[in-house]
Amino acid sequence: MKIVILGAGYVGLTTSACLAELGHQVTCCDIDAGRVAALNRAETPIYEPGLGDLIKAQMQAGRLAFACDAKQAVGTANAVFLAVGTPSSEDGDIDLSYVEAAATEIAPYLPEGAVLVVKSTVVAGTAQRLKRLVDTRRGRDDIAVASNPEFLREGSAIEDFLHADRIIIGVDDAQSEALLRTLYRPLTRAGVPLLATRTVNAELIKYAANAMLALKIGFINDVADLCEALGGDVKAVADGIGRDHRIGTAFLAAGPGFGGSCFPKDTRAFASTGRRYGRPQPLIEALIEGNEARKGALAQRIIHAAPRHGRVAILGTSFKANTDDVREAAALTIVPRLIEAGLEVHAHDPQPGAAKRLLAAAHWHDTALAATRDADVAVILTEWDEYRTLDLTQLARAMRGRLLLDFRNIVVAQEAARAGLDYQGLGLPAAPSAQIRRGQGAAGSLRVAASPA
Ligand SMILES: NC(=O)c1ccc[n+]([C@@H]2O[C@H](COP(=O)([O-])OP(=O)(O)OC[C@H]3O[C@@H](n4cnc5c(N)ncnc54)[C@H](O)[C@@H]3O)[C@@H](O)[C@H]2O)c1
Ligand SMILES: O=c1ccn([C@@H]2O[C@H](COP(=O)(O)OP(=O)(O)O[C@H]3O[C@H](CO)[C@@H](O)[C@H](O)[C@H]3O)[C@@H](O)[C@H]2O)c(=O)[nH]1
């Protein structure tokens with residue numbers, strides 16, 4: 001099948017490379033000429049494990065090409081996917097201008113019978129609205145518009161695409177359904193379930209799925225706060241509740257608040273849609289507020305823990321591990337607040353991406369150890385594997401102070417204590433470092449109070 005994808009971002013590039021891998025002929029177009037030129041040199045503009053290699057392999061196989069001129073590319077396409085951005089607008093609603101601009105631009109050039117597929121995350125009713133827009137631009141009704149929301153996670157995008165829990169296709173006509181079923185046949189044959197429903201449902205599924213996952217995170221973060229007050233252990237609590245298969249263990253890791261390009265934006269859009277249609281979503285409204293407040297509260301915790309004008313090492317600025325994406329990362333809230341409070345911030349991330357520019361007031365280092373040199377407090381903000389395996393003895397030696405704040409709960413408290421560090425996780429009993437150093441007791445048997453986030 002001949003496929004054109006508009007947008008060479010995380011979703012557009014992953015979709016392009018994976019559909020090529022499934023045997024389709026794919027052209028991926030982007031209005032960013034620099035990005036297209038880099039891709040044509042087989043340079044991948046984002047950090048996503050395995051993506052660069054897959055793109056190269058598919059280009060060499062002749063199944064994947066990149067272009068700027070979408071008008072020309074769509075002329076012979078069976079399907080055109082919109083994978084452009086849908087950022088938040090100022091009122092929390094969704095900005096559909098990129099989606100509408102892309103559809104408007106290509107509408108006159110689509111071949112009769114082509115299907116326009118909305119892969120970008122869009123509010124319910126958008127596919128039907130785009131159908132009217134395309135019909136008006138063409139002056140006839142010969143293009144079907146479908147919805148095919150994407151559920152990949154950054155950092156495991158290819159795996160998520162090729163081994164999806166399910167594929168959702170939103171289709172309001174038989175032609176779209178037939179085309180999308182054929183397109184995804186290699187995956188459905190391999191056992192991936194495909195659910196066909198109307199476009200409005202597909203659009204709602206995407207938002208409801210993200211809202212549900214974000215709720216799990218917001219809930220466990222609140223439980224972590226309670227654990228701190230009561231001397232409990234949020235990891236044990238999460239494990240205990242997660243073993244109930246109706247709850248499930250996934251997405252119950254306490255952290256510094258969810259970030260990224262999706263959960264914050266999509267929960268805001270979900271809440272805003274509820275308000276617009278007179279069906280408020282109070283759970284989601286509270287979730288959004290609590291998540292923002294959490295980032296601020298954790299910044300305050302660091303400020304209280306550090307000496308005046310002290311030095312803080314921030315380990316990890318990406319919104320999660322295995323990505324260079326910093327969109328709505330906790331670091332973007334926390335680091336500026338530390339600097340405003342007069343602290344000196346030394347930062348490290350294995351893939352800093354745009355963070356170096358966005359957090360230019362921080363001092364950047366090439367290694368985690370260099371960032372922690374002479375630090376009064378070290379803070380883990382992203383759960384990169386390299387922070388899990390930090391040499392804690394070296395870290396303790398490099399630091400001026402003793403306090404390690406682990407906002408991802410990835411360090412073993414006893415090991416930190418043995419290295420001479422004062423360790424605080426989130427919702428974990430504080431490690432009794434002094435006693436452990438003297439060889440007495442395990443973490444949890446001797447508690448010291450930790451301030452709630
Ligand atoms: N990032 C994710 O993990 C993820 C996962 C699922 C769904 N989504 C959704 O997918 C959409 C895309 O997200 P993303 O993170 O890939 O965005 P992104 O910002 O990484 O990439 C968007 C790309 O679209 C390009 N673009 C804008 N207008 C264009 C046009 N008219 N023609 C061609 N290209 C154009 C931009 O230059 C940019 O390169 C969003 O709606 C997002 O909510 C994202
Ligand atoms: O137990 C957890 C799981 C995640 N997070 C945080 O939640 C945010 C989002 O993480 P994740 O969902 O892994 O990454 P995304 O790439 O943003 O993926 C989400 O958003 C995408 C865009 O809509 C969807 O396609 C995915 O299904 C959905 O998981 C990050 O800040 C994580 O650190 C936690 O704090 N605790």
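Ligands are counted one by one from 1 in listed order, and the atoms in each one are counted from 1 as well. Note: hydrogens, waters and symmetry copies are ignored here, and every other heavy atom, side chains too, is used.
Neither the backbone nor the side chain of Lys265 has a heavy atom within less than 4.0 Å of ligand 2. Only the side chain of Asp266 comes within 4.0 Å of ligand 2, counting heavy atoms alone; its backbone N, CA, C and O stay farther away. At a heavy-atom cutoff of 4.0 Å, ligand 2 is contacted by the side chain of Asn210 but not by its backbone.
Residue-ligand proximity, Gly85 to ligand 1, at heavy-atom distances under 4.0 Å covers atoms 22 (C). Counting the atoms of ligand 2 from 1 in the order shown, those under 4.0 Å from a heavy atom of Lys206 are 22 (C), 23 (O), 24 (C), 25 (O). Residue-ligand proximity, Ser120 to ligand 1, at heavy-atom distances under 4.0 Å covers atoms 10 (O), 11 (C), 41 (O). Residue-ligand proximity, Leu152 to ligand 1, at heavy-atom distances under 4.0 Å covers atoms 3 (O), 5 (C). Counting the atoms of ligand 1 from 1 in the order shown, those under 4.0 Å from a heavy atom of Ala83 are 12 (C).
Of the protein's non-hydrogen atoms, the one nearest atom 35 (C) of ligand 1 is Val84 CG1, 3.5 Å. Here the heavy atom of the protein found nearest to atom 24 (O) of ligand 1 is Gly7 CA, 3.5 Å. Scanning the protein heavy atoms around atom 41 (O) of ligand 1, the nearest turns out to be Thr86 OG1, 2.5 Å.
Remark: ligand 1 and Lys265 share an N or O pair separated by less than 3.5 Å (distance only, no angle test). For the pair Glu150 and ligand 1, the shortest N or O to N or O distance does not fall below 3.5 Å. Backbone and side-chain nitrogen or oxygen atoms of Glu105 are examined, and none is located within less than 3.5 angstrom of a nitrogen or oxygen of ligand 1.
Aromatic ring pairs are classed by plane angle as parallel below 30°, tilted from 30° to 60° and perpendicular above 60°; the pair Phe263 and Phe258 is perpendicular.
In this structure, Arg327 has a heavy atom closer than 4.0 Å to ligand 1. Within the structure, ligand 1 lacks Ala70 among the residues with a heavy atom less than 4.0 angstrom away.
One distance of note links OG1 of Thr86 with NZ of Lys265; it measures 3.0 Å at 0.5 Å rounding.
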